[in-house]
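Below you'll find the structure, written out as structure tokens, and then a few comments.
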Amino acid sequence: MYCSNCGGELNQGATFCPRCGAVQNEKNPVVPRSKSKGKWQKIEMGGNWVPQPAGPGVQAPAKKKKQIILIACAAALLLAAVLAFLLLNGRFSGRNVVELNPIGAKYSEDGSAYIILPEDGSCIVIDGEIMFAGITADRKHVVVMQEDGTLYVTNKKLSKKTVIADNAERIYGFRNDGFIYMNKNMGEFRVLFSDNIPLKLDTNTDFLFATNTLSLAYVTQEGEIYMLPADSNEGVRISSNAQDVELLGISDDGQTVFWSALVNDTPTLYMAENGIKEKLGELDSSSYTVYSYAQFSKDSELATLASWYSDSMWIKKAGEAAVKVKLGSDCAQPYYICTESGPIDRTKASKISSLYVSASADEGMNLFYISSDGSRERILSGVNDYVIANGTIFYTDVDQNLYCGKLNKASISEEKRIASEVYCFSAAQNGKYIYYMKDCADGFGDLFCFKTGSDSAQKIGSDVAYYETGYGYGWTCLHFSPDGGTVLYYIDTEIIPGTGSYNSSLMMWSYGDKAGVKIADDVIANSVSSARSTGDFDPKGFVFSKYSRTDSNNTLFVDWIYYDGKTMTRLAADVA
């Protein structure tokens with residue numbers, strides 16, 4: 001499944017895109033057609049390039065500064081938005097462990113597909129009535145689904161074609177080793193590129209795939225749960241007659257699966273390793289959705305499971321029994337359990353000697369250090385939010401003071417207060433830079449950067465856009481370079497009526513600069529895309545979308561631009 005706005009990969013049923021934040025209304029939206037074709041065209045720098053005319057009766061949205069930004073009204077939408085933010089900031093995304101990211105196509109109204117490669121600014125153009133097209137992270141395989149249901153696999157040069165099916169309906173789980181598709185009869189199949197032979201899972205199956213491989217866990221209509229490693233063509237049944245199943249995670253090697261099921265109206269957590277089922281515990285929750293999260297180390301040798309509705313978490317090492325850890329109160333951020341280096345999925349199990357997890361408290365959160373044997377020790381109280389990166393912890397307290405310090409298991413040294421009255425913040429993955437917002441109102445505020453080891457912060461700019469959650473919290477709308485010292489941010493942002501997307505001026509700033517440099521106007525907020533797996537963008541090569549027009553159905557059309565650090569090249573024009 002891919003985002004209808006930016007083409008980024010989504011989990012099945014995702015409500016928001018983790019890259020651009022756009023609302024997803026359909027699993028694979030039917031793409032409007034037009035007669036426009038993508039063309040390569042050099043564009044002058046300076047941000048004054050005028051988009052192509054919108055056409056008769058369609059006008060670009062008028063600028064209304066500070067009438068902005070997503071405020072979630074429903075709890076479910078808020079949750080989805082928060083998770084999208086966490087993905088954007090690297091807290092909850094195992095995709096960071098792959099070298100490149102898979103890319104979904106953009107589409108013109110006539111059905112042509114444009115696969116835009118940020119690593120070199122090239123564009124693969126596929127003519128025809130295309131409903132889906134995408135390229136794998138290793139750039140070896142292109143998958144195409146035509147409007148008539150023809151599904152085929154080809155290569156980057158489009159020179160080889162292997163037809164997989166003639167009645168395909170949707171594509172899921174796009175990985176280097178294969179993908180999943182559903183046909184028009186609701187049958188779902190796994191296809192591995194090693195043989196391109198469809199393996200039927202079931203009809204209208206619930207399934208979950210691993211972060212970096214096509215290892216699967218799936219549930220049949222009869223309530224049977226199967227695990228299917230990527231290197232196998234035969235599923236292993238791990239549970240029967242399960243009710244209201246939620247699949248919570250599967251390791252890349254396909255040997256460890258976590259899930260929840262309803263037992264006597266009580267949500268209950270389970271796991272299976274090498275096909276052997278084990279009950280972990282019950283949750284004190286009246287909600288069907290348990291909001292539990294399983295995370296795996298980079299080598300799948302260690303896993304954690306935690307839930308918002310439980311005062312316990314579980315640590316599982318491969319080949320060993322799961323260890324239960326009592327936190328004393330509900331887990332405050334079960335999707336964000338860290339090592340000293342950062343999120344678990346960036347670290348091999350052999351290098352993990354301690355974990356950090358937060359639990360709810362009367363005021364803010366308590367932060368705990370968890371040792372390898374499962375014992376815990378509280379190291380901070382009254383925490384509002386925190387980020388751990390490369391041995392450094394950044395956190396705000398309930399009074400909005402921002403601190404940083406060095407982690408050493410259960411202690412924090414060299415602690416320093418960076419700023420007061422901080423509304424939201426985000427840190428680079430290497431722990432060298434932290435960016436934070438102050439004096440925030442109506443979706444805009446002042447943006448600062450602090451480099452660890454320095455004496456003071458640098459102000460980057462005013463009226464910088466951020467997102468509000470509607471509950472007194474927000475997050476910065478930023479993209480970092482791999483070293484964290486260069487940042488992209490947005491100013492002059494306003495909503496594009498009827499689309500749920502935002503139009504902005506894109507700015508770039510590097511540490512030590514007196515002011516940011518404008519890259520372009522009319523940029524769709526959060527549309528920046530890069531091939532890099534660390535950092536959100538490469539300053540010497542990334543793509544973004546510029547507003548083109550909206551049609552009578554409020555479909556957003558954009559031009560996709562490649563920026564090489566000096567000039568901009570239009571790769572695809574007027575695509576949805």
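If you're wondering where the values come from, they're calculated on a predicted model, not measured in any experiment. Sequence positions, counted from 1, serve as the residue numbers for this chain. Both backbone and side-chain heavy atoms feed into the values below; hydrogens, waters and symmetry mates do not.
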| Between Tyr172 and Phe207, is a ring-ring contact (aromatic ring centres under 6.0 Å, His included) present by the stated rule, with each step listed? | CA-CA 10 Å; Tyr172 310 108; Phe207 57 84; 5.4 Å; yes
| request: For the pair Tyr293 and Tyr336, evaluate side chain to side chain contact (heavy atoms under 4.5 Å, CB included) and give the outcome as yes or no after the intermediate values. | output: CA-CA 9 Å; Tyr293 300 90; Tyr336 186 48; over 6 Å; no
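- Qualifying side chain to side chain contact (heavy atoms under 4.5 Å, CB included) partners for Asn553, counting only residues two or more places apart in sequence or in other chains: Asp551, Thr555.
- Looking only at distances, no side-chain donor or acceptor of Asp513 sits under 3.5 Å from a matching main-chain atom of Gly516.
- Among all heavy-atom pairs drawn from Thr493 and Ala465, the shortest one is OG1-CB, 3.5 Å.
- With sequence neighbours left out, the ring pair (Phe, Tyr, Trp, His ring centres under 6.0 Å) criterion links Phe542 to Phe537, Tyr563.
- Residues Val575 and Tyr107 fail the side-chain proximity criterion, which asks for heavy atoms closer than 4.5 Å.
- A distance of 11.0 Å separates OG of Ser505 from CD1 of Ile519, quoted to the nearest 0.5 Å.
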| query | Does the side chain to side chain contact (heavy atoms under 4.5 Å, CB included) test come out yes or no for Ile250 and Phe209, once each step is laid out? | reply | CA-CA 7 Å; Ile250 181 169; Phe209 34 83; 5.7 Å; no
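- Shown here for Phe557 and Asp574, the closest heavy-atom pair between the two residues is CB-OD1, 3.4 Å.
- The salt bridge (charged side-chain N to carboxylate O under 4.0 Å, His left out) search around Lys459 returns Asp446, not counting sequence neighbours.
- Nearest heavy-atom pair across Val523 and Ala520 is CG2-O, 3.6 Å.
- In this structure, the separation between OG on Ser529 and CD1 on Ile116 is 8.5 Å, given to the nearest 0.5 Å.
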Under 3.5 Å, sequence neighbours excluded: what are the donor-acceptor pairs made by side chains of residues 157-166?
unit_1: Ser159; atom_1: OG; unit_2: Asn155; atom_2: OD1; d: 3.3
unit_1: Ser159; atom_1: OG; unit_2: Asn155; atom_2: ND2; d: 2.9

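- For Asp148, the side chain to side chain contact (heavy atoms under 4.5 Å, CB included) criterion is met by Gln146, Thr150, not counting sequence neighbours.
- Judged as a salt bridge (charged side-chain N to carboxylate O under 4.0 Å, His left out), and not counting sequence neighbours, the contacts of Lys184 are Glu169.
- Scanning both residues, Tyr433 and Cys449, for their nearest heavy atoms gives CD2-SG, 3.9 Å.
- Not counting sequence neighbours, the partners of Thr213 by the side chain to side chain donor-acceptor pair (under 3.5 Å) test are Ser215.
- For Phe394 and Phe425, the ring centers sit 6.0 Å or farther from each other.
- Residues passing the ring pair (Phe, Tyr, Trp, His ring centres under 6.0 Å) test with Tyr562, sequence neighbours excluded: none.
- Note that CG of Asn167 is 10.5 Å distant from CE of Met182, once rounded to the nearest 0.5 Å.
- At least one side-chain heavy atom of Ile126 sits less than 4.5 Å from a side-chain heavy atom of Val142.
- Shown here are the side chain to side chain donor-acceptor pair (under 3.5 Å) partners of Asn554, two or more places apart in sequence or in another chain: there are none.
- In this structure, the side chains of Thr550 and Thr499 come closer than 4.5 Å at one or more pairs of heavy atoms.
- Between Ala217 and Leu247, the shortest heavy-atom distance links the atoms O-CD1, 3.3 Å.
- A heavy-atom distance below 4.5 Å is not found between the side chains of Pro334 and Tyr291.
- No donor-acceptor pair under 3.5 Å is formed between the side chain of Arg190 and the backbone N or O of Gly178.
- With rounding to the nearest 0.5 angstrom, the CZ atom of Phe480 is 9.0 Å from the CD atom of Gln429.
- Met507 meets the side chain to side chain contact (heavy atoms under 4.5 Å, CB included) test with Tyr489, Ile491, Lys518; sequence neighbours excluded.
- Scanning all heavy atoms of the two residues, the minimum distance from Tyr423 to Cys440 falls at CB-SG, 3.7 Å.
- Between the side chain of Asn176 and the backbone N or O of Asp138 there is at least one donor-acceptor pair closer than 3.5 Å.
- Here Ala168 pairs with Met145, Leu151, Tyr181 under the side chain to side chain contact (heavy atoms under 4.5 Å, CB included) rule; sequence neighbours left out.
- The shortest side-chain heavy-atom distance between Asp345 and Gln295 does not fall under the 4.5 Å cut-off.
- Between Ser527 and Trp560, the closest side-chain pair of non-hydrogen atoms falls below 4.5 Å.
- Under the 30°/60° scheme for interplanar angles, the aromatic rings of Phe193 and Phe179 are found to be tilted.
- Proximity of the aromatic rings of Tyr502 and Tyr490 is defined here by a centroid distance below 6.0 angstrom, and this criterion is not met.
- Distance check: Phe132 CZ to Arg170 CZ gives 13.5 Å after rounding to the nearest 0.5 Å.
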| Can you check side chain to side chain contact (heavy atoms under 4.5 Å, CB included) on Asp206 and Val245, steps first, answer last? | CA-CA 9 Å; Asp206 289 329; Val245 175; over 6 Å; no
| So Met508 and Thr486, side chain to side chain contact (heavy atoms under 4.5 Å, CB included) or not? Walk me through it. | CA-CA 7 Å; Met508 180 186 290; Thr486 300; 3.8 Å; yes
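- Partners of Trp259 according to the ring pair (Phe, Tyr, Trp, His ring centres under 6.0 Å) rule, which considers only residues two or more places apart in sequence or in another chain, are Tyr270.
- Using a 4.5 Å heavy-atom cutoff, the side chains of Pro118 and Ile103 are in contact.
- Remark: Ile524 CD1 to Phe544 CZ distance equals 11.0 Å, nearest 0.5 Å.
- Using a 4.5 Å cut-off on side-chain heavy atoms (C-beta onward), Leu478 and Leu447 make contact.
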